[in-house]
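First the structure, in the form of structure tokens, and then the observations on it.
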Amino acid sequence: MRHAISVYVDNQAGVLSRVVGLFSGRGFNIESLSVAPTLDPSKSLMVITTSGNEQVLEQIKKQLNKLINVIKVVDCTDKDYVEREMILVKVKAEKETRAEVLRIADIFRAKVIDVSPKSYTLSLTGDKSKLEGFIEILTPIGILDFVRTGTVVMEREMQGRRKLA
Amino acid sequence: MKKITGAQAFIEALRCEGVTSAFGYPGGAVLDIFDALMDARDIQFILTRHEQGAVHAADGYARASGRVGVCLVTSGPGATNTVTGIATAYMDSIPIVVFTGQVPTHLIGNDAFQEADIVGITRPCTKHNYLVKDVCDLGRVIKEAFYIARTGRPGPVLVDLPKNVMNSTVNFKYPDSVKLDSYCPTYKGHPGQIRRIIGLILKSRRPVIYAGGGVTLADASKELGEFARRLQIPVTTTLMGMGAFPSGDPLSLGMLGMHGTYAANMAVTNSDCLIAIGARFDDRVTGKVDEFAPKAKIIHIDIDPTSISKNVKVDLPVVGDCRLVLRGMLAELDGKDAELAEMLIQSEPWRSEIDVWKKQQPLKYCKSDIIKPQYVIEMIDEIAPDDTIITTEVGQNQMWTAQFYKFKEPRLFLTSGGLGTMGYGFPAAIGAQVAFPNRTVIDIAGDGSIQMNIQELATAVQYNLPVKVMILNNGYLGMVRQWQSLFYKKRYSHTSMAVSPDFVKLAEAYGAKGLRVTRPEDVKGAIQEALRIPGPVFADFVVDPEEDVYPMVPAGAPINNMLLV
């Protein structure tokens, strides 16, 4: 099962390599990773998405906690959380498909951020499944290139709300 | 406040940490520190002949004394030479602090002369490491390094010291306390878990304690002994736990695992309640994990949460310091006399069953007119004083020592258990001898292993450290040969040490004493003589070249599947 883990760390040189080295050294998998300073600039937040069985996930969390520079580890999968990732897609847009690309962009609420005679570059944010749906729909038209950020997650302020909705 | 240099501040910091001995090797990047060290008469510095030897010596010093071992080397090759020693200490959770020189900060990353990214290299084999970029951070970093090394699950910490940081000046004050938000080990076990553990143990009928190096590291052997005796629970120890429970005790089963005793492995396999204390379910202990203690509820006491349920699923874990948790367990027994009495009665047949296993298959070997290595170890055990510190190299010499030397107390057996580092024993013995100049220190070695750090004989002679090296010379890399013999159709691929030095002449060349023993009847006298000689001795015992270590559990087999003599 896919897990999104928030790792609060000291904002110091070398901390990223401690975390990443832990994953490679112990044979854990990193699906995506995003890192940036937090509200408190002396700390950084890493959001790591990974997968594995229960035992592997438990080891990942414990091993992360064991690193001296790791302050807190939160497995968001245990909680209600919102998740976003951004993608930039350069898609082929020639005469016959230009309108179609714009229609798809509109449906997904993507933005056109660059235009050339033969392509559009679109930006879209959403959760993983939305981004993957977007790629799937655009693939037959011709994706020239894409680049994705890692996933970022945030706990919902009111836990348990999702179940009500 | 007087301004002093980084190098002088470094010496001050060592003093504040109570460091009285350090091991190492000078070089360009640490010239300033060594210059300051010359004036520090209160710190005994031992110049080894190789940086690996320095780290192992610091490690041996730490294991024997319980204090933090200190090592100081130069940048580049000096630093990279420490890696094996650091990894050895890391695997066995030994508190050492390794200081490495580094090129000046403005040259870092420039491929400067004798530059190596030692912080990057040692990241996976240290508990933590630091690069000090500003002399103002020096005191805090050294304070944290010692604190991290000795607290929680201990381990090695490396501090990288660029040359310009050490020769710049600072208003130095060593911090009084450590402030580390993200590091606070759990010492006190959860009282609810401790209560449940005692509940489970009191209901068990076939309990076994499986004690590891954590018991020694937590200085918990007294509590372990009290707990085991009060509940009459048999105790098996890991290689790292040897001495944590006295070998001669009627409840002692000896070592378990690949070369463990028949009784220990049978007891674990048939137990209904396995109490793991400061042990980590290493593959050399468990054999086939799925069939390890298959009938037992498993209790695991460990200070490191990552050890719990890492290899074997645990039923009742408690995170905490072994000594404090054992004390909690003993306190929990109060007022439970009736249940305890019932348990003692109900578990009586189990102890009888174990006694049968002990009698059926004791550790044994066949005597002959060639010297048997096991016999040498039995004789060392007989002759050496009770407080003798024994180190070993790795391989057959190590396993035979664990089997045939009766360790009665902790911190008397220093061996590289986790990493299995050949060449560990001799420098570790030097370190132990520095910690305890008046005790007997013996390295039980093989002819292969001793050659991996044999240069340290010069160190032993220079500082008059009377370490005795007993070489079990079988002319082979014995343990590898044993595997080739059992599992590779006796194809002895490159395990014959066809050429070795004449160890007697070699010892003499270094200014030490050498002895050679070729007949069983001379073994005892040779050991006595070695112990009588005031300085370092190499005693070369020419032993049976094809002797194997038994029992043996083939790799990946369940531990009750033992090859016996």
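The chains referred to below are lettered A, B, ... by the order of the sequence lines, with proteins before strands, and numbering in each begins at 1. Not measured: the values here are computed from a predicted model.
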Here's a test: name every donor-acceptor pair under 3.5 Å between chain B and chain A, with the distance for each.
unit_1: Arg123(B); atom_1: NE; unit_2: Ser17(A); atom_2: OG; d: 3.4
unit_1: Arg123(B); atom_1: NH1; unit_2: Ser17(A); atom_2: OG; d: 2.3
unit_1: Asn129(B); atom_1: O; unit_2: Arg18(A); atom_2: NH2; d: 2.9
unit_1: Asn129(B); atom_1: OD1; unit_2: Arg18(A); atom_2: NH1; d: 3.0
unit_1: Asn129(B); atom_1: OD1; unit_2: Arg18(A); atom_2: NH2; d: 2.9
unit_1: Ser182(B); atom_1: OG; unit_2: Ile68(A); atom_2: O; d: 2.3
unit_1: Asp304(B); atom_1: OD2; unit_2: Lys66(A); atom_2: NZ; d: 2.7
unit_1: Pro305(B); atom_1: O; unit_2: Lys62(A); atom_2: NZ; d: 2.9
unit_1: Thr306(B); atom_1: O; unit_2: Gln59(A); atom_2: NE2; d: 2.8
unit_1: Thr306(B); atom_1: OG1; unit_2: Lys66(A); atom_2: NZ; d: 3.4
unit_1: Ile308(B); atom_1: O; unit_2: Lys62(A); atom_2: NZ; d: 2.7
unit_1: Ser309(B); atom_1: O; unit_2: Gln55(A); atom_2: NE2; d: 3.2
unit_1: Lys310(B); atom_1: O; unit_2: Gln55(A); atom_2: NE2; d: 3.0

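Between Phe10(B) and Phe99(B), the two ring planes are perpendicular [angle over 60°; tilted spans 30° to 60°].
Proximity of a side-chain donor or acceptor of Thr286(B) to a complementary backbone N or O of Lys288(B) within less than 3.5 Å is not detected.
Using a 4.5 Å heavy-atom threshold, the side chains of Phe146(A) and Leu88(A) count as separate. Looking at heavy atoms from C-beta onward, Val97(B) lies out of side-chain contact with Ile142(B) at the 4.5 angstrom threshold.
For the residue pair Ala62(B) and Ile94(B), the shortest heavy atom distance occurs at CB-CG2, 3.8 Å. Considering all non-hydrogen atoms of both residues, Ala293(B) and Leu274(B) come closest at CB-CD2, 4.0 Å. Between Val56(A) and Phe28(A), the shortest heavy-atom contact is CG1-CD2, 4.0 Å. Nearest approach of Ile108(B) to Pro162(B), heavy atoms of both residues: CD1-CG, 4.4 Å.
Both the backbone and the side chain of Ile308(B) have a heavy atom closer than 4.5 Å to some heavy atom of chain A.
Taking CD1 of Ile87(A) as the reference point, atom CG of Leu131(A) lies at 5.0 Å (rounded to 0.5 Å).
Contacts between residues 318-325 of chain B and chain A, defined by a heavy-atom separation under 4.5 Å, are made by no residue at all.
More than 12 heavy atoms of other residues, nucleotides or ligands shown are found within 6.0 angstrom of CG on Asn110(B).
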